[in-house]
Amino acid sequence: MAKKKTEGYLSAKESRRITRENRKITNALEKKRKRKNVPESEYLTTMHDPNNAVEFDNLHTCFFTDAGTVRSVDGVTFEVPIGKTVGVVGESGCGKSVTSLSLMQLLQRPQGQVVEGEIRLNLGDKAYDVTKTPDAVLQHLRGNYVSMIFQEPMTSLNPVFRIGMQLDEVIALHDGEGKSKEDIKARTIELLEMVGIANSEGVYKMYPHELSGGMRQRVCIAMALACNPKIIIADEPTTALDVTIQAQVLDLLRTLKNKINSSIMFITHDLGVIAEMADYVVVMYAGRIVEKGTAEDIFYHPAHPYTIGLMASKPVVGKQVDKLYSIPGKVPNPINMPDYCYFKDRCEMCVEGCEGAYPCEISLSDTHKVSCYRYYGENREEKADGK
């Protein structure tokens, strides 16, 4: 008789046990989130640096599935300074979008939950910890202070409503106090013109399927900018667009950012886009930040083997190669992450000590930080942050 395979196998009994445990955890978290009349003192906080628009501090976001707990974001810490663009880069499934959805509190609940850490949002005169802020208050923060340009414009827009109606709804909900229907329509037309749509009156009456991909993306950008937010999250806004439209959208985002003096958190796979847009770069792998610094630090002095691999896998104009480089191996199972460096099994630059615990963050300069054993030395205690 053939031997039964047990690797990756989950019995019905074990699955039920996991589901019961998950339900206890998610019910407790949901109960806390849905409380009403929560005193403001519970979610008020202080920015570590008032020049930052938002600060992620040791953020842990998990998805409680029937197969186990997926740690999508596992202790992420970085800042988005006011008026700057921060590029978040990494391969699919590394936690980029989940980090941004944690800020917007648009995770698929009850399975998706922020279980630890803070997200400090600078409102000017005060700061809120988004992870503790109740839903009723968040409704006023979304759109007014933080807005998001989603990845796929066709699924972001409702196919059964006209463009004008969808934009009007955003303005009426978040910024409609004291405005008549005519005022709201005038603002919608103004937004459509601002994002470079010439036939704004015509587009106002159209359905999403009547527009091209680039036009739909512009509508999504107009929707995100409707209330002049302080932070714009752009989740791969150019993925579905051709190169010429991509360049126009990036130029548009850059112009509008300067016009309304907002910060951008730019999520993408494309290193070329990051090089053009970002002031600071955060490189993520398997839910953790492996390297962060200014765009110059990352592009001219990449330190982590994963960042070096990403740079090497990008085709270079004028350089002839027989085969493009690709990082070997595959990402570890998110339900059962190893207790050593997550990149170790794929790394081609391993050194002595890599089999130890996950490496802590080392400061290579005031702006450049990396989590890698290659930079551990005798002065580790002096260089490692908080160690």
Side-chain angles (χ1 to χ4, degrees), residues 16-48 52-80 88 95-151 156 169-170 173-175 224 227 229-233 235 265 267 287-288 334-335:
R16 284 195 298 272
R17 184 190 65 77
I18 291 169
T19 304
R20 278 196 304 272
E21 286 181 6
N22 286 349
R23 199 173 290 129
K24 279 181 192 172
I25 297 166
T26 54
N27 284 350
L29 290 165
E30 283 293 293
K31 190 177 178 183
K32 198 173 178 183
R33 284 206 60 81
K34 289 178 178 176
R35 285 181 305 155
K36 291 180 180 174
N37 303 319
V38 180
E40 194 180 49
S41 57
E42 275 199 30
Y43 50 89
L44 267 179
T45 185
T46 309
M47 301 298 290
H48 285 185
N52 290 330
V54 65
E55 295 171 347
F56 294 87
D57 190 355
N58 192 34
L59 178 68
H60 290 74
T61 303
C62 298
F63 288 91
F64 297 93
T65 72
D66 292 344
T69 303
V70 178
R71 291 178 176 83
S72 291
V73 177
D74 194 9
V76 161
T77 301
F78 70 97
E79 304 82 33
V80 180
V88 183
K96 307 185 299 294
S97 295
V98 175
T99 303
S100 65
L101 290 170
S102 300
L103 169 57
M104 293 290 284
Q105 289 294 300
L106 291 175
L107 294 162
Q108 189 176 355
R109 287 163 47 198
Q111 286 82 14
Q113 298 282 351
V114 174
V115 294
E116 193 184 332
E118 286 189 3
I119 304 173
R120 292 184 288 274
L121 180 63
N122 192 348
L123 305 182
D125 54 338
K126 55 187 173 183
Y128 282 168
D129 178 0
V130 173
T131 62
K132 295 184 180 74
T133 306
D135 290 343
V137 179
L138 276 170
Q139 185 63 29
H140 299 292
L141 299 181
R142 292 192 203 108
N144 298 65
Y145 290 94
V146 189
S147 66
M148 191 164 181
I149 303 162
F150 292 94
Q151 190 166 349
S156 304
E169 185 185 24
V170 173
L173 191 65
H174 295 286
D175 193 29
C227 306
K230 299 276 190 290
I231 302 153
I232 302 163
I233 301 167
D235 188 0
M265 186 174 155
I267 297 165
R288 292 204 180 194
I335 292 173

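Note that these values count all heavy atoms, side chains included, but never hydrogens, waters or copies made by symmetry. Since the model is a prediction, treat every value here as computed from it, not as a measurement.
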Would you give the length of the straight line joining atom CD1 of Ile119 to atom CG of Asp57, rounded to the nearest 0.5 angstrom?
10.0 Å
If you look at every heavy atom in Pro110 and Thr26, which pair is closest and at what distance?
O-CG2, 3.2 Å
Can you confirm whether Leu29 sits close enough to Val114 that some side-chain heavy atom of one is under 4.5 Å from a side-chain heavy atom of the other?
no
Is there a donor in the side chain of Asn58 and an acceptor in the side chain of Glu116, or the other way round, less than 3.5 Å apart?
yes
Atom pair OG (Ser100) and CG (Leu107), whose distance is rounded to the nearest 0.5 Å:
9.0 Å
Which residues pass the side-chain contact (heavy atoms from CB on, under 4.5 Å) test with Asp66, sequence neighbours left out?
Ser15, Thr19
Take atom CG in Asp125; do more than 12 heavy atoms of anything else shown fall under 6.0 Å from it?
yes
Does Asn122 reach the main-chain N or O of Asn52 with its side chain, forming a donor-acceptor pair under 3.5 Å?
yes
Which heavy atom of Ala224 sits nearest a heavy atom of Met148, and at what distance?
CB-O, 4.0 Å
Would you mind reporting whether Asp74 and Leu59 have side-chain heavy atoms less than 4.5 Å apart?
no
Please tell me whether Ser102 and Thr61 have a donor and an acceptor in their side chains that are separated by less than 3.5 angstrom.
yes
Indicate the atoms forming the closest heavy-atom contact of Arg71 with Cys62, along with that distance.
CG-SG, 3.9 Å
Sequence-distant partners of Leu106, side-chain contact (heavy atoms from CB on, under 4.5 Å), two or more places apart:
Leu101, Met104, Arg142, Phe150
Scanning both residues in full, the closest heavy-atom pair of Ile335 with Gly68 reads CG2-CA, 4.0 Å
Does Glu169 CD have over 12 foreign heavy atoms under 6.0 Å away?
no
Residue Arg17 excluded, over 12 heavy atoms near CZ under 6.0 Å
yes
Hey, does Arg288 have a side-chain heavy atom less than 4.5 Å from the side chain of Val76?
no
With a 4.5 Å limit on heavy-atom distance, are the side chains of Lys126 and Glu40 in contact?
yes
I need the Arg109 CZ to Arg33 CZ distance, nearest 0.5 Å.
4.5 Å
Arg35 side chain vs Lys32 backbone, donor-acceptor pair below 3.5 Å:
yes
CD1/Ile149 to CD1/Ile233 distance, rounded to the nearest 0.5 angstrom?
9.5 Å
Between the side chain of Asn144 and the main-chain N/O of Asp175, is any donor-acceptor distance below 3.5 Å?
no
Sequence-distant partners of Thr131, side chain to side chain donor-acceptor pair (under 3.5 Å), two or more places apart
Asp129
Closest non-hydrogen atoms of Val98 and Ser72, given as atom of the first, atom of the second and distance, are CG1-CB, 4.0 Å
Glu30 side chain reached by Lys34 side chain, heavy atoms, under 4.5 Å:
yes
To the nearest 0.5 Å, tell me how far Thr46 OG1 sits from Glu55 CD.
10.0 Å
How close do Gln139 and His174 get, heavy atom to heavy atom, and via which atoms?
O-CE1, 3.3 Å
Report the relative orientation of the aromatic rings in Phe78 and Phe56; use parallel for angles under 30°, tilted for 30 to 60°, perpendicular for over 60°.
parallel
Is there a side-chain hydrogen bond (donor to acceptor under 3.5 Å, both in side chains) between Arg120 and His48 once you walk through the steps?
CA-CA 9 Å; Arg120 292 184 288 274; His48 285 185; 3.2 Å; yes
Heavy atoms, side chains only, cut-off 4.5 Å: are Asp135 and Gln105 in contact?
no
Pair Ser97-Asp235, side-chain donor/acceptor within less than 3.5 Å:
yes
Taken to the nearest 0.5 Å, the spacing of Leu121 CG from Tyr128 OH works out to 9.5 Å
